[in-house]
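A note on names: the letters A, B, ... follow the listed sequences, proteins ahead of strands, and every chain is numbered from 1.
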There are 2 protein chains.
Amino acid sequence: MEALDRRIVQLLAGDGRMSYTDLGRSTGLSTSAVHQRVRRLEERGVIRGYRAVVDYEEARIPVTALISITPFDPAAPDDVPDRLRHIPAIDSCFSVAGEESYVLKVRVSGPGELEDLLAAVRAAANVTTRTTVVLSTPWEDRSPLSSAPEETAELAPTAADVTSTDRVP
Amino acid sequence: MEALDRRIVQLLAGDGRMSYTDLGRSTGLSTSAVHQRVRRLEERGVIRGYRAVVDYEEARIPVTALISITPFDPAAPDDVPDRLRHIPAIDSCFSVAGEESYVLKVRVSGPGELEDLLAAVRAAANVTTRTTVVLSTPWEDRSPLSSAPEETAELAPTAADVTSTDRVP
DNA sequence: CGTGAAAGTTAGAACTA
DNA sequence: TAGTTCTAACTTTCACG
């Protein structure tokens, strides 16, 4: 991805409603040139959509928790995400390396709902759970694009890249 | 928060660039009535902003990890978030109940950068770390406001580069 | 909360390097 | 292929009923 595209993505990650006029001003391009690039970024899937950032305390869903999941029967086929997808309180689902198989981030309105949610998760996916309640959130979903590498990294992998086995773009 | 406001927040959480015209159509209000409500929601802080949803694999930041943090000196004043805030790769920071004090969600371009990041975190905040690498992300940042969840287009799983280890302290 | 008009934005066609 | 300029259609914004 080119520097100009990266800049556009970074700007839209920071303010998803920025107008093409302002994007053009910030990048030195014309309005339609930016528009064209944004459309290509959307088509390529680099930009997947736009969302309002909601303050869940204000929206009266004040409890966040992280739930680590271990399948009860390690021999059974692992379709945990499919079995959990219908539960709206599950904000994110990560498949992870480690003792446990998945980590869920959930949001509920209180301890009672958390209890119900845990029961629902265990029943739906036949798993055991380990729950970590979030006490406060200093920040969340900040856009980490400024740490992105330039295109040179592809041609010259570092020692650390080589020692790990799987594909690292 | 009123049902109409909740509906508006829900719609904007699903599509942050929806026009006021369409919001009005979907809620049965006029354009300006919706506009007025959205502005109030923004002022009250229920809607904190808008962001583009970025596919981090496409953007060449393909590695996600969860880092649990324990302060090295329990007697020292706890200003860990302030000490970490300047590191851009840290996407989210949660203060949590449990054995550990914080959980960070980070995004990096590869194992080498993860190694550097862990060193930076330990040095900046005087903490020990326990790292869980994310292998894939069945979904992320779904909006949990809905009782009738509009499933957004399926998120592309993020393949990461991990052999079998989970603890990288 | 709705109406309507001015100001601003977007989308796309035609053109250029 | 990627950029610019031009223009019609649409959206946002705001004073007023």
To the nearest 0.5 Å, tell me how far [X] [atom1] sits from [Y] [atom2].
| X | Y | atom1 | atom2 | result |
| --- | --- | --- | --- | --- |
| B/Gln10 | B/Ser26 | CD | OG | 10.5 Å |
| A/Leu117 | A/Arg107 | CG | CZ | 13.0 Å |
| B/Leu29 | B/His35 | CG | NE2 | 13.5 Å |
| B/Arg51 | A/Arg51 | CZ | CZ | 13.0 Å |

Whether A/Arg17 contacts C/dT9 is assessed here as follows: a side-chain N or O lying under 4.0 Å from the phosphate OP1 or OP2. Is that the case? no

Any side-chain N or O of A/His35 under 4.0 Å from OP1/OP2 of C/dA11?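 Yes, because at least one side-chain N or O of A/His35 sits under 4.0 Å from OP1 or OP2 of C/dA11.
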
Using only atom types and a distance under 3.5 Å, with no angle test, would you say the side chain of A/Ser92 pairs donor to acceptor with the backbone of B/Asp141? yes

With side chain to side chain contact (heavy atoms under 4.5 Å, CB included) as the test, would you mind laying out the steps for B/Val133 and B/Leu114 before giving the verdict? CA-CA 10 Å; B/Val133 175; B/Leu114 182 56; 4.3 Å; yes

Member of B/Val127, B/Val103, B/Ile90, B/Leu118 meeting the side-chain contact (heavy atoms from CB on, under 4.5 Å) criterion with B/Ile67: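 That would be B/Leu118.
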
Could you tell me whether B/Arg37 and B/Glu2 have a side-chain N and a carboxylate O separated by less than 4.0 Å? yes

Base-pair string, DNA chain D, Watson-Crick plus G-U, cut-off 3.5 Å on both distances, | for inter-strand, is ||||||||||||||||.

In whole angstrom, what separates [X]'s [atom1] from [N]'s [atom2]?
| X | N | atom1 | atom2 | answer |
| --- | --- | --- | --- | --- |
| A/Arg39 | C/dA13 | CZ | C1' | 12 Å |
| B/Tyr20 | C/dG8 | OH | C1' | 14 Å |
| A/Leu12 | C/dT10 | CG | P | 10 Å |

Are B/Asp91 and B/Tyr56 linked by a side-chain donor-acceptor pair shorter than 3.5 Å?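 No, B/Tyr56 and B/Asp91 have no side-chain donor paired with an acceptor closer than 3.5 Å.
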
Do you see a donor-acceptor pair shorter than 3.5 Å between the side chains of B/Arg122 and B/Thr129? yes

Every protein N/O within reach of nucleotides 3-5 of chain C N/O, cut-off under 3.5 Å:
from	atom 1	to	atom 2	distance (Å)
C/dT3	O4	B/Ser32	OG	3.0

Count the heavy atoms belonging to other residues, nucleotides or ligands that lie under 6.0 Å from CD of B/Glu43, then report whether that count exceeds 12. yes

Where does the chain B footprint on DNA chain D start and end, counting 5' to 3' with a 4.0 Å heavy-atom cut-off?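 Contact span on the strand: D/dT11 to D/dC14.
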
